[in-house]
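Please read these numbers as outputs of a predicted model, since none were measured by experiment.
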Amino acid sequence: ERLVVVNADDFGMSAEIDRGILEAHDRGIVTSASLLVDEPDVEAAIHEAHRRAKLGLGIHVAFDSRGKWLIDVKDLDAVQREIHRQIDRFIRMTGAAPDHIDSHHHVHRLFNIAYLFLDAGRQYRVPVRGLTEVVFVGRFYGQPEFGKTDLSKIGVEAMIGLLQSLKPGISEVSCHPGTLESRPDAVYNREREIELQTLTDPRIRSLIVEEGIRLINYRDYAHLRSAHLKSE
């Protein structure tokens with residue numbers, strides 16, 4: 001069986017991005033989102049997430065905002081404090097722990113930093129992206145090189161090929177849908193609209209049915225894992 005979490009990053013960054021994420025959940029295949037707790041639209045994003053019982057909600061730990069680095073990631077003490085500050089803020093704002101942990105720009109996968117995220121995952125008993133049995137699939141992205149757009153990477157055919165290539169087990173497919181932002185410093189912008197079109201395309205939903213793929217979120221994963229452990 002193939003179980004797939006389709007997770008949208010950057011939730012809370014702006015009203016335009018959030019609108020696309022929520023539409024990709026309501027009309028498409030997105031099952032989960034990763035929240036940026038310090039970004040401008042975070043409170044509205046949480047409000048909308050609470051209205052959608054099937055939308056999983058994790059944390060997108062960020063050490064920068066719109067390309068401006070706020071924390072020196074070589075300072076491991078500062079990194080550790082920031083991880084826990086943001087998770088604590090998530091809990092205060094949402095009323096619950098995140099159902100998974102990941103990070104902006106995949107900082108959590110860097111040498112000397114990954115173990116800090118794993119420690120946080122153990123403390124809160126939640127998975128860390130790419131560091132569990134859930135296989136992370138990150139190739140659905142419209143800028144394979146920073147600032148250089150390749151829309152073929154995020155079209156319907158690309159998503160069909162990606163889904164068909166998934167092996168049995170549990171996978172996470174990341175995405176970055178949104179509607180067009182008006183701000184001039186938006187580096188990944190038009191690509192978000194194309195992602196949204198793909199994620200809501202009826203052909204994708206039909207393929208998922210044909211392939212026998214089951215869409216889940218990280219809460220579902222936690223229940224499945226718990227049931228598996230009890231059966232052993």
Side-chain angles (χ1 to χ4, degrees), residues 4-52 54-70 93 102-107 129 137-163 172-208 215 217:
V4 181
V5 178
V6 183
N7 187 84
D9 289 351
D10 301 337
F11 196 37
M13 182 176 281
S14 72
E16 295 89 351
I17 290 174
D18 294 351
R19 190 180 304 122
I21 290 172
L22 295 168
E23 184 177 348
H25 172 70
D26 294 341
R27 296 198 305 110
I29 64 170
V30 164
T31 61
S32 174
S34 296
L35 187 71
L36 289 160
V37 298
D38 293 327
E39 291 295 332
D41 209 50
V42 62
E43 292 185 3
I46 292 169
H47 174 74
E48 291 298 328
H50 282 167
R51 296 178 60 232
R52 293 164 169 83
K54 293 184 179 180
L55 180 65
L57 193 62
I59 186 168
H60 202 48
V61 177
F63 303 96
D64 74 303
S65 179
R66 298 281 183 174
K68 180 181 179 181
W69 288 92
L70 307 174
M93 296 184 77
D102 57 48
S103 66
H104 204 36
H105 304 308
H106 302 297
V107 172
R129 169 185 281 172
V137 182
R139 64 180 182 271
F140 183 73
Y141 192 66
Q143 287 189 8
E145 292 184 48
F146 181 76
K148 295 184 179 180
T149 298
D150 183 351
L151 297 182
S152 70
K153 302 292 185 183
I154 50 175
V156 171
E157 292 303 318
M159 178 57 80
I160 287 175
L162 186 156
L163 292 171
E172 178 196 340
V173 175
S174 70
C175 58
H176 301 78
T179 58
L180 197 65
E181 291 188 286
S182 59
R183 54 186 300 157
D185 61 344
V187 176
Y188 197 80
N189 199 10
R190 172 59 177 157
E191 297 90 343
R192 293 185 188 272
E193 285 197 321
I194 302 300
E195 287 200 26
L196 175 58
Q197 293 170 17
T198 297
L199 293 163
T200 57
D201 192 297
R203 289 172 289 177
I204 301 299
R205 178 71 70 174
S206 296
L207 177 85
I208 286 171
L215 296 177
N217 58 41

Check: Looking at residues at least two apart in the chain, or sitting in another chain, which of them share a ring-ring contact (aromatic ring centres under 6.0 Å, His included) with His25?
Finding: none
Item checked: Main-chain N/O of Ile154 paired with Thr198 side-chain donor or acceptor, under 3.5 Å -> yes
Checklist line | N/O donor-acceptor pair under 3.5 Å between Thr31 side chain and Val6 backbone | finding: yes
[X] to [Y] - nearest heavy-atom pair and separation:
{"X": "Asn217", "Y": "Gly56", "value": "ND2-N, 3.7 Å"}
{"X": "Ala186", "Y": "Glu181", "value": "CB-OE1, 3.7 Å"}
{"X": "Tyr188", "Y": "Gly142", "value": "OH-N, 2.7 Å"}
{"X": "Ala49", "Y": "Leu57", "value": "CB-CD2, 4.2 Å"}
{"X": "Ala24", "Y": "Pro177", "value": "CB-CG, 4.1 Å"}
{"X": "Gly12", "Y": "Asp18", "value": "N-OD1, 2.7 Å"}

Checklist line | From CA spacing to verdict: side chain to side chain contact (heavy atoms under 4.5 Å, CB included), Val107, Val61 | finding: CA-CA 9 Å; Val107 172; Val61 177; over 6 Å; no
Roughly how far apart are [X] [atom1] and [Y] [atom2], rounded to 0.5 Å?
{"X": "Leu196", "Y": "Leu180", "atom1": "CG", "atom2": "CG", "answer": "11.5 Å"}
{"X": "His176", "Y": "Ile17", "atom1": "NE2", "atom2": "CD1", "answer": "9.5 Å"}
{"X": "Cys175", "Y": "Ile21", "atom1": "SG", "atom2": "CD1", "answer": "7.5 Å"}
{"X": "Tyr141", "Y": "Ser174", "atom1": "OH", "atom2": "OG", "answer": "9.5 Å"}
{"X": "Met159", "Y": "Phe140", "atom1": "CE", "atom2": "CZ", "answer": "4.0 Å"}
{"X": "Arg51", "Y": "Ile46", "atom1": "CZ", "atom2": "CD1", "answer": "14.5 Å"}

Margin query: Looking only at side-chain N and O atoms, does Asn7 offer a donor or acceptor that is under 3.5 Å from a partner on Ser32?
Written below: yes
N-O pairing of [X] and [Y] below 4.0 Å:
{"X": "Asp9", "Y": "Arg129", "result": "yes"}
{"X": "Arg190", "Y": "Glu193", "result": "yes"}
{"X": "Arg19", "Y": "Glu16", "result": "no"}

Checklist line | Min side-chain heavy-atom separation Leu55-Leu22 under 4.5 Å | finding: yes
Next item on the list: Answer whether the closest heavy-atom distance between the side chains of Asp10 and Arg192 falls below 4.5 Å.
Entry: yes
Checklist line | Test side chain to side chain contact (heavy atoms under 4.5 Å, CB included) applied to Val156 and Ile204, step by step | finding: CA-CA 7 Å; Val156 171; Ile204 301 299; 3.9 Å; yes
Notebook entry, point to check: Is there a side chain to side chain contact (heavy atoms under 4.5 Å, CB included) between Leu215 and Arg205 once you walk through the steps?
Noted result: CA-CA 10 Å; Leu215 296 177; Arg205 178 71 70 174; 3.6 Å; yes
Next item on the list: Take His60 and Met13 through the test side chain to side chain contact (heavy atoms under 4.5 Å, CB included) and record every step on the way to the result.
Entry: CA-CA 11 Å; His60 202 48; Met13 182 176 281; over 6 Å; no
Margin query: Checking side-chain hydrogen bond (donor to acceptor under 3.5 Å, both in side chains) between Gln143 and each of Lys148, Lys153, Glu191, which is the one that passes?
Written below: Glu191
Pairs of donor and acceptor atoms involving the side chains of residues 38-45, under 3.5 Å and at least two apart or interchain, shall be tabulated with distances.
residue : atom : partner : partner atom : Å
Asp38   : OD1  : Arg89   : NE           : 3.1
Asp38   : OD2  : Arg85   : NH2          : 2.5
Glu39   : OE2  : Ser65   : OG           : 2.9

